[in-house]
Undergrad: 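Got a structure here, written out as structure tokens. Questions coming.
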Amino acid sequence: MEVGQRRRYGAGWWLIGALTLLISLEVGAWERIRDSAPERYTVVEGDTLWDIAGRFLHAPWQWPDLWQANPAIRNPHLIYPGDVLTLSDCKGAPCLSLSRGQRVVTLSPKMRAVPRREAIAPIDASIIRPFLRDHRIVEGDFVEDAMAYVVAGDQGRLISGAGDSLYVRGQVPRQEDVGIYRPADTYTANDGTVLGTELIKIGEARYLRAEEDITQLRVISANQEIRNNDLVLPLETPRLDNDMVPRAPRNALSGSLIGVPGGVRFIGRLQVVTIDLGTLDGVQAGHVFQIAQQGKVINDPRSQAPLTLPSEAAGTLMVFTPYDRVSYALVMEASRVLEVGDRVRTPPR
């Protein structure tokens, strides 16, 4: 075969290879779409971004790959009830476009208040908001002596409740409501490094007066009995970021499920968990991780030596509040009962 022929054949094979690769990529992209995915879907009250992503995709964290740029929409991840999502074919790959729903307001001589149009939440806010209100992480080594603390109730009582006054020693913000907290779990790495300590809010109190380093507060709410030595800290405003989008981390990350607030051992869908990955690892709100359970240990049938089978995917979780070294996440899917110690990792694309 002459050189020119070899070049022509080489170019031909290269073209066939490129077309085959392109076709396989397009097929792979459409394989992400559920067979039951609607061509058009109108967003309704109560939807979440995760729910909608799950209508179209087998893996909801691949949601950003489905969006196409729409210059008319400032942020396509802020979706409102009444908006219409349309699934289309964009040059062989699936894509999703959005058209804003138009609210119809009937004019009349009377003044009418129109409710503020709120974007749908990424995940079920009714599950997360109470948790955010009552839990927080103090990062690093927990120095309890550096925080203000309850020294006594009214007339020296050891226990206080709603409506009672109590006395606190240490720096307390004046003219502000404060939270009363109690230490719960302290999370540590495998090498013993303290990752953070979880605090549970016991109640809220209001500033009355101060004398030197002693402040008198009135308890305005209490979830439990307030005891001496409980901690007093400025309140944190619960916040669920509606801008967060279900997506896989860009990097291959691996960690562990290290805790369940409340001390529950077995974990299922829509339970809040703590993982040992945080912002220092590149974790952001909206990042989705696959939960993997360690394979069973068996005896090799020939050597009888212990043998650990490969780990198996058991569910997914989505981070909603990351700290430096740990993060709070919500279990979105669970194909089996999960436990503390299960591994978490970046899901496959």
Side-chain angles (χ1 to χ4, degrees), residues 48-50 59-62 122-125 127-132 134-142 183-200 236 238-241 244-295 311-349:
T48 67
L49 196 54
W50 180 276
W61 58 87
Q62 295 171 341
I123 50 182
D124 192 344
I127 298 173
I128 301 303
R129 284 200 180 102
F131 179 87
L132 289 175
D134 295 336
H135 296 75
R136 64 194 291 180
I137 294 286
V138 178
E139 297 170 327
D141 290 331
F142 178 54
D185 295 323
T186 295
Y187 299 116
T188 58
N190 292 331
D191 61 1
T193 303
V194 176
L195 303 176
T197 299
E198 186 173 70
L199 303 182
I200 307 298
E236 284 189 341
R239 181 174 178 271
L240 181 61
D241 188 356
M244 71 181 184
V245 180
R247 64 200 188 281
R250 291 185 178 181
N251 300 326
L253 299 176
S254 178
S256 297
L257 198 160
I258 59 173
V260 186
V264 178
R265 179 181 175 188
F266 299 111
I267 308 158
R269 182 175 175 270
L270 298 183
Q271 279 189 266
V272 174
V273 297
T274 310
I275 63 173
D276 61 353
L277 296 169
T279 55
L280 295 179
D281 303 296
V283 175
Q284 299 175 3
H287 276 172
V288 175
F289 289 90
Q290 185 183 72
I291 306 170
Q293 291 187 326
Q294 183 175 344
S311 61
E312 297 185 16
T316 56
L317 58 78
M318 180 173 168
V319 171
F320 61 87
T321 302
Y323 294 88
D324 283 353
R325 298 182 181 276
V326 300
S327 296
Y328 283 137
L330 186 66
V331 176
M332 306 304 300
E333 300 166 343
S335 58
R336 60 188 69 188
V337 177
L338 309 173
E339 296 185 69
V340 171
D342 288 345
R343 300 294 295 171
V344 297
R345 61 195 181 195
T346 300
R349 293 193 64 82

Undergrad: For residues 277-288, tabulate all N or O donor-acceptor pairs below 3.5 Å that involve a side-chain atom, not counting sequence neighbours.
TA:
{"residue": "Thr279", "atom": "OG1", "partner": "Tyr323", "partner atom": "O", "Å": "3.3"}
{"residue": "Thr279", "atom": "OG1", "partner": "Asp324", "partner atom": "OD1", "Å": "3.4"}
{"residue": "Asp281", "atom": "OD2", "partner": "Gly278", "partner atom": "N", "Å": "2.9"}
{"residue": "Gln284", "atom": "OE1", "partner": "Arg247", "partner atom": "NH2", "Å": "2.7"}
{"residue": "His287", "atom": "ND1", "partner": "Gln284", "partner atom": "N", "Å": "3.1"}

Undergrad: What heavy-atom pair brings Ala248 and Pro347 nearest, and what distance separates the two atoms?
TA: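 Distance-wise, the nearest heavy atoms are CB-CG, 3.9 Å.
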Undergrad: Going from CG on Leu330 to CD1 on Ile128, what distance comes out if it is rounded to the nearest 0.5 angstrom?
TA: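 That separation rounds to 4.5 Å.
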Undergrad: To check you understand the geometry: which heavy-atom pair defines the closest contact between Thr48 and Ile123, and what is its length?
TA: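 Scanning both residues, the minimum pair turns out to be CG2-C, 3.8 Å.
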Undergrad: Show me, pair by pair, the donor-acceptor contacts under 3.5 angstrom made by side chains of residues 250-262, not counting sequence neighbours?
TA:
{"residue": "Ser254", "atom": "OG", "partner": "Arg343", "partner atom": "NH2", "Å": "2.9"}
{"residue": "Ser256", "atom": "OG", "partner": "Arg343", "partner atom": "NH1", "Å": "2.7"}

Undergrad: Return the minimal non-hydrogen interatomic distance between Val344 and Phe289, and the atom names on each side.
TA: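 Minimum heavy-atom separation between Val344 and Phe289: CB-CB, 4.2 Å.
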Undergrad: Please step through side chain to side chain contact (heavy atoms under 4.5 Å, CB included) for the pair Leu199 and Ile137, ending with a clear verdict.
TA: CA-CA 6 Å; Leu199 303 182; Ile137 294 286; over 6 Å; no
Undergrad: Run the side chain to side chain donor-acceptor pair (under 3.5 Å) test against Asp185 and tell me which residues pass, sequence neighbours left out.
TA: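 Scan of Asp185 (side chain to side chain donor-acceptor pair (under 3.5 Å), adjacent residues dropped) gives none.
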Undergrad: With sequence neighbours left out, write down each residue that passes side chain to side chain contact (heavy atoms under 4.5 Å, CB included) with Asp191, or none if nothing qualifies.
TA: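 Applying side chain to side chain contact (heavy atoms under 4.5 Å, CB included) to Asp191 gives Ala189, Thr193.
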Undergrad: Any side-chain heavy atom of Val273 within less than 4.5 Å of one from Val331?
TA: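 Val273 vs Val331: side chains touch.
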Undergrad: If you apply the rule side chain to side chain contact (heavy atoms under 4.5 Å, CB included), what do you find for Ile275 with Val326, and how did you get there?
TA: CA-CA 6 Å; Ile275 63 173; Val326 300; over 6 Å; no
Undergrad: Can Leu270 and Asp124 be said to form a side chain to side chain contact (heavy atoms under 4.5 Å, CB included), step by step?
TA: CA-CA 9 Å; Leu270 298 183; Asp124 192 344; 5.6 Å; no
Undergrad: Thr316: what forms a side chain to side chain donor-acceptor pair (under 3.5 Å) with it, not counting sequence neighbours?
TA: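 Side chain to side chain donor-acceptor pair (under 3.5 Å) list for Thr316, sorted by chain: Glu333.
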Undergrad: Can you find a pair of side-chain heavy atoms, one from Glu198 and one from His135, that are under 4.5 Å apart?
TA: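 In contact.
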Undergrad: My understanding is that only residues two or more places apart in sequence, or in another chain, count here; which of them pass salt bridge (charged side-chain N to carboxylate O under 4.0 Å, His left out) with Arg336?
TA: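 With neighbours one apart ignored, the set is Glu312.
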Undergrad: Holding to side chain to side chain donor-acceptor pair (under 3.5 Å), I want the full list of residues that pass it with Glu236, two or more places apart in sequence or in another chain.
TA: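 Glu236 satisfies side chain to side chain donor-acceptor pair (under 3.5 Å) with Arg136 once adjacent residues are dropped.
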Undergrad: Does a side-chain heavy-atom distance below 4.5 Å link Leu338 with Gln293?
TA: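 Side chain of Leu338 against side chain of Gln293, heavy atoms only: contact under 4.5 Å found.
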Undergrad: Let me confirm one number: the OG-CD1 distance from Ser311 to Ile291, rounded to the nearest 0.5 Å.
TA: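 Ser311 atom OG to Ile291 atom CD1 measures 12.5 Å (nearest 0.5 Å).
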Undergrad: I'd like to know if the side chain of Thr321 and the backbone of Tyr328 have a donor-acceptor N/O pair within less than 3.5 Å.
TA: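 Flag not set: sc Thr321 to bb Tyr328 has no pair under 3.5 Å.
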Undergrad: So Tyr187 and Thr197, side chain to side chain contact (heavy atoms under 4.5 Å, CB included) or not? Walk me through it.
TA: CA-CA 6 Å; Tyr187 299 116; Thr197 299; over 6 Å; no
Undergrad: Looking only at non-hydrogen atoms, find the nearest pair between Ala334 and Gly268 and report the distance.
TA: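 That would be CB-C, 4.4 Å.
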Undergrad: Under the side chain to side chain donor-acceptor pair (under 3.5 Å) test, which residues partner Gln290, sequence neighbours left out?
TA: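 Listed in chain order: Arg345.
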Undergrad: To the nearest 0.5 Å, what is the distance between CD1 (Ile267) and CD (Glu339)?
TA: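 CD of Glu339 is found 7.5 Å from CD1 of Ile267.
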